[in-house]
Amino acid sequence: AKGKQSNLRTPIVVVMGHVDHGKTTLLDKIRGTAVAKGEAGLITQHIGATEVPLDVVQDFCGSHFGKEIEIPGLLFIDTPGHHAFTSMRSRGGSLADLAVLIVDVNEGFQPQTIESLSILKRFKTPFVVAANKMDRIGGWHTTTNAPFAKSLKVQSERVSEILDTRLYELVGELYKYGFDADRYDRITDFTRTVGIVPISAITGEGVPDLLMILVGLAQRFLKDNLQLTATGPGVGTILEVKEEKGLGTTLDVILYNGEFFAGDTVIVGTSREPLVTKIRALLKPKPLAEIRSEERFLPVKHVSAASGVKVSAPKLDNALAGSTIRVVSNPDEVEALSLELKSE
Ligand code: GTP
Ligand code: MG
């Protein structure tokens with residue numbers, strides 16, 4: 001596949017938005033389409049994330065990207081929209097190279113839309129807005145998985161007008177929070193103007209457009225951040241600290257730079273002093289077809305960024321979700337790394 005020869009790592013795309021606005025359905029759609037096309041094996045499940053290789057994205061879009069696209073694919077992280085999960089959203093936001101802010105086009109901005117937007121602003125994360133559930137507009141004609149332009153052509157004038165009105169309401173909301181925005185096909189510079197992509201996560205309409213824009217933005221982002229690689233000492237963010245039967249306390253980690261090997265010495269943020277420990281096991285979810293036994297995880301010797309992985313190691317009880325886990329390649333580094341972790 002493309003990108004394999006370069007060191008560019010998979011960009012992390014976080015999907016955010018208000019409860020029920022369609023984050024999980026969008027990821028299901030992308031996965032489901034790959035399954036339907038017999039590409040299920042290409043999609044890798046991660047701990048807390050889904051990796052979509054560039055080939056699958058190209059197939060969904062029905063077009064081949066040019067040579068300028070070197071990224072290996074996209075790593076999507078879903079986040080919960082419920083108001084209680086602010087810290088999960090914030091962690092997601094801090095990890096995101098890019099984000100999709102999902103808004104139900106029929107409901108408009110809601111409290112967690114605004115909260116997500118402020119997280120994106122805080123971390124200066126480039127994002128696109130997916131104006132979801134356009135198929136719910138009365139009288140909508142569905143063209144499954146079609147690009148937006150094709151889908152729009154078969155709508156009545158009334159339906160197009162309703163959609164346009166609702167999109168302009170979103171433009172207005174975004175303006176209120178300091179963002180210039182427009183329908184994505186009316187803008188040329190995605191670094192200045194936020195693109196709004198009308199989609200339906202259920203029918204797949206507009207999803208090809210959304211994926212195309214994400215790939216373009218991701219490629220530019222990674223070109224500007226060449227220090228992010230898939231090799232070298234690993235650094236990750238702890239998404240969750242979890243008890244697992246037979247494993248004790250484990251960490252669900254998004255590795256965003258470099259690599260982890262089983263046996264690596266790592267330093268981990270805790271509620272007290274940073275902790276130095278050794279990776280006992282790196283665990284990935286078992287492929288869907290193989291989940292028969294009690295054992296849900298598959299031990300691997302090595303993972304490279306970007307990945308979602310479960311880390312099993314001794315003494316993790318005080319590890320803190322949201323903090324960093326970092327490979328210590330040389331014992332002399334411990335003191336400096338420890339100070340760095342404490343200042344987070
Ligand atoms: P939380 O994880 O709870 O924040 O919600 P979510 O954003 O992941 O929403 P989810 O994907 O679970 O969708 C909520 C409901 O909306 C489900 O019943 C979906 O089937 C429905 N839904 C999502 N997207 C669409 C869409 O594009 N069109 C229609 N008609 N229904 C949708
Ligand atoms: Mg969800």
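These numbers come from a predicted model, not from an experiment. Each ligand, and each atom within it, is numbered from 1 in the order the structure gives.
Between F179 and F127, a ring centre-to-centre spacing shorter than 6.0 Å is recorded.
Partner of E115 under the side-chain hydrogen bond (donor to acceptor under 3.5 Å, both in side chains) criterion, out of H83, R89, H18: R89 alone. Looking at K133, Q110, M134, R166 one by one, the single match for side-chain contact (heavy atoms from CB on, under 4.5 Å) with D104 turns out to be K133.
The nearest N, O or S atom of T24 is closer to the Mg ion (ligand 2) than 2.8 Å.
For ligand 1, the 4.0 Å heavy-atom shell contains residues H18, V19, D20, H21, G22, K23, T24, T25, P80, G81, N132, K133, D135, R136, S200, A201, I202.
In this structure, a donor-acceptor pair under 3.5 Å is present between the side chains of T249 and D317.
In the displayed structure, R272 atom CZ is contacted under 6.0 Å by at most 12 heavy atoms of other residues, nucleotides or ligands.
Residues that satisfy the ring pair (Phe, Tyr, Trp, His ring centres under 6.0 Å) test with H302, not counting sequence neighbours, are F261.
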